[in-house]
Amino acid sequence: MTKYIFMTGGVVSSLGKGITAASLALLLKRRGLRVAMQKLDPYFNVDPGTMSPYQHGEVFVTADGTETDLDLGHYERFTGIRCTRNSNYTSGRIYKAVIERERQGGYLGATVQVIPHITNEIKEAFKSVAGPDIDIAIIEVGGTAGDIESLPFLEAARQFRHEVGQLNAIFVHLTLLPYLRAAGELKTKPSQQSVGILRNIGIFPDVLVCRTEVSISESEMQKLALFCNVPVELVIEERDVSHSIYEVPLELAKQNFDKKVLNLLHLPCGKLEMEDWRKLVDTVISPKNNCTIAVVGKYTGCPDAYKSIVESIHHAGIANDCRVKVELVEAELLEKAPEMLDNVDCILIPGGFGHRGIPGKLQAIKRAREQKIPLLGICLGLQCMVIEYARNVLKFEDADSVEMNPDTTHPVVHLMHDQRTISAKGGTMRLGSYPCRLSKDSITHQLYGKDDILERHRHRYEFNNLYREDFATSDLKIVGTSPDDLLVEMVELQNHPFFIGCQFHPEFQSQIAEAHPLFKGLIAAALKQKESHA
Ligand code: GLN
């Protein structure tokens with residue numbers, strides 16, 4: 001039977017609940033347990049796919065084609081666990097299921113209410129990640145204790161624990177201890193109050209994880225234990241890490257966080273081996289090389305919008321023993337200030353939607369192409385590489401994507417065939433994992449070291465096959481297609497150290513110990529170029 005860990009948050013949002021949950025999952029997995037993860041989001045969008053990156057940060061896409069919260073990216077990157085559509089539920093998705101069932105007559109005769117109908121639906125969601133092959137499910141409850149909108153999730157978790165018993169479900173509460181510099185003191189009162197809020201709704205946290213800037217003294221630990229009603233050994237310190245989020249599991253392991261959780265759940269605790277992880281973190285802290293990458297995007301005011309990309313760059317840095325400085329360059333500003341790219345060693349054009357910033361991206365691509373600066377274009381990035389080449393090399397002057405200019409005489413990027421009859425926006429793009437076949441004589445093939453790959457997609461537009469011939473006879477070669485050869489998935493420029501575009505999002509599959517080949521290759525090419533210019 002699967003046991004459950006519910007993780008709640010207190011005092012403020014953005015405490016890093018996702019990273020804490022992912023770190024715990026990693027430690028438990030390494031102790032031999034089979035772990036599943038789930039994130040609950042209180043908002044009413046059915047999924048985050050329709051939200052602006054400014055509202056929500058990146059939309060993470062799972063292999064099965066679900067648009068999900070970016071915390072699932074942490075789950076996958078820390079643990080190697082593959083999330084599914086069951087790994088993320090929003091209030092919108094829960095309510096939609098209940099309302100649809102009501103319309104079908106599924107509750108005939110009953111008044112449909114938050115309790116029991118919504119809470120029952122939530123409890124079913126908890127169970128959707130359980131199974132005979134899962135020992136522990138970690139359920140991260142989004143929002144902060146005291147929010148009105150997360151109440152149904154918390155009530156469902158309370159009922160669930162009541163039903164399965166305390167040996168089968170525990171509550172871990174992540175809270176903040178603010179440090180008042182002027183007083184030189186760590187404050188425990190907000191944490192006491194947030195635990196008080198949970199107690200009011202019948203939830204008694206078993207473990208308290210305290211985010212703090214400075215270390216917690218023994219007397220502060222005792223105070224937290226006494227007033228938050230947990231044994232002192234179950235007060236865990238989670239101090240700010242100085243270099244990398246990948247240090248968090250090491251810090252938590254030092255305090256036996258994972259072991260204590262297993263004891264509470266009466267589960268056997270295998271040996272924990274973290275030496276390889278420690279080595280990776282050491283590379284982050286003191287690498288041999290360094291280089292700078294410009295990510296030319298349009299949501300640079302919101303770094304969370306490029307979360308998986310930035311993490312993948314860091315993984316590639318580790319693989320190349322390199323500290324990579326990531327500069328988020330606003331494409332619109334670049335149009336007027338091209339010098340923003342003067343000191344970068346490589347460029348990445350990320351995915352995106354709409355016309356804002358396109359001229360800046362095209363300018364960056366032209367420069368990378370002409371000056372042989374390594375460049376990786378992802379999704380919209382590939383589409384812009386195709387547009388730039390069509391305009392400036394093939395001399396199709398108004399070449400464009402019909403997303404930006406529906407009236408262009410050279411629609412080198414057009415709406416995918418399957419998309420033409422779709423008008424609804426939620427969950428209707430080409431989503432999830434699709435196979436791609438690589439051309440043998442390409443840098444791309446060398447990087448992957450295989451003919452067939454599986455990568456995750458999220459787009460409506462694609463390379464227009466009417467232009468296949470024009471590109472086949474040019475230097476911008478098509479080096480990856482769907483196995484039936486109908487869709488162009490990758491392009492690569494000849495006689496250039498690294499000028500590669502992919503229609504998919506490689507950033508969703510990179511791992512700390514297994515950097516994605518395209519990111520790894522990009523950073524390697526940047527270092528090589530840097531050396532040759534030195
Ligand atoms: N807007 C483009 C499309 O829908 C690119 C999407 C993306 O970059 N994720 O095809």
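Both backbone and side-chain heavy atoms feed into the values below; hydrogens, waters and symmetry mates do not. Positions are given from 1, in the same order as the sequence printed here. All ligand and atom numbering here is 1-based and tracks the order in the structure.
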Trainee: Going by the order shown, which atoms of ligand 1 are within less than 4.0 Å of some heavy atom of R458?
Mentor: 6 (C), 7 (C), 9 (N)
Trainee: Is there a nitrogen or oxygen of L380 sitting under 3.5 Å from a nitrogen or oxygen of ligand 1?
Mentor: yes
Trainee: So, regarding M429 and ligand 1 (criterion: nitrogen or oxygen to nitrogen or oxygen, under 3.5 Å), is there a contact or not?
Mentor: no
Trainee: Which of the atoms of ligand 1 are close to G351, meaning less than 4.0 Å from one of its heavy atoms?
Mentor: 8 (O)
Trainee: Quick check: H315 with Y246 (ring centres under 6.0 Å apart)?
Mentor: yes
Trainee: Is it the case that the side chains of T481 and E489 hold a donor-acceptor pair, with the cut-off being a distance below 3.5 Å and no angle test?
Mentor: no
Trainee: Indicate yes or no: at least one non-hydrogen side-chain atom of Y389 is less than 4.5 angstrom from one of D475.
Mentor: yes
Trainee: I need the minimum non-hydrogen distance between S510 and S312, along with the two atoms involved.
Mentor: CB-OG, 3.4 Å
Trainee: Do R82 and T62 have side chains that get closer than 4.5 Å, going by heavy atoms?
Mentor: no
Trainee: Within the structure provided, determine whether S442 and M490 are in side-chain contact (heavy-atom separation under 4.5 Å).
Mentor: no
Trainee: For atom 4 (O) of ligand 1, what is the closest protein heavy atom, and at what distance to 0.1 Å?
Mentor: R460 N, 3.0 Å
Trainee: If the cut-off is 4.0 Å to any non-hydrogen atom of H505, which atoms of ligand 1 fall inside it?
Mentor: 9 (N)
Trainee: Who's the nearest protein heavy-atom neighbour of atom 7 (C) of ligand 1, and how far?
Mentor: C379 SG, 2.9 Å
Trainee: Check if E462 has a non-hydrogen atom at a distance under 4.0 Å from any atom of ligand 1.
Mentor: no
Trainee: Look at the rings of H410 and F396 and say which category their plane angle falls in: under 30° parallel, 30 to 60° tilted, over 60° perpendicular.
Mentor: parallel
Trainee: Can you say whether the rings of H457 and H459 are parallel (under 30°), tilted (30 to 60°) or perpendicular (over 60°)?
Mentor: tilted
Trainee: Looking only at protein heavy atoms, which one is nearest to atom 2 (C) of ligand 1, and what is the separation?
Mentor: E403 OE1, 3.3 Å
Trainee: How close does the nearest protein non-hydrogen atom get to atom 5 (C) of ligand 1, and which residue and atom is it?
Mentor: G352 O, 3.3 Å
Trainee: Among all protein heavy atoms in this structure, tell me which lies nearest to atom 10 (O) of ligand 1, with the distance rounded to 0.1 Å.
Mentor: Y461 N, 2.8 Å
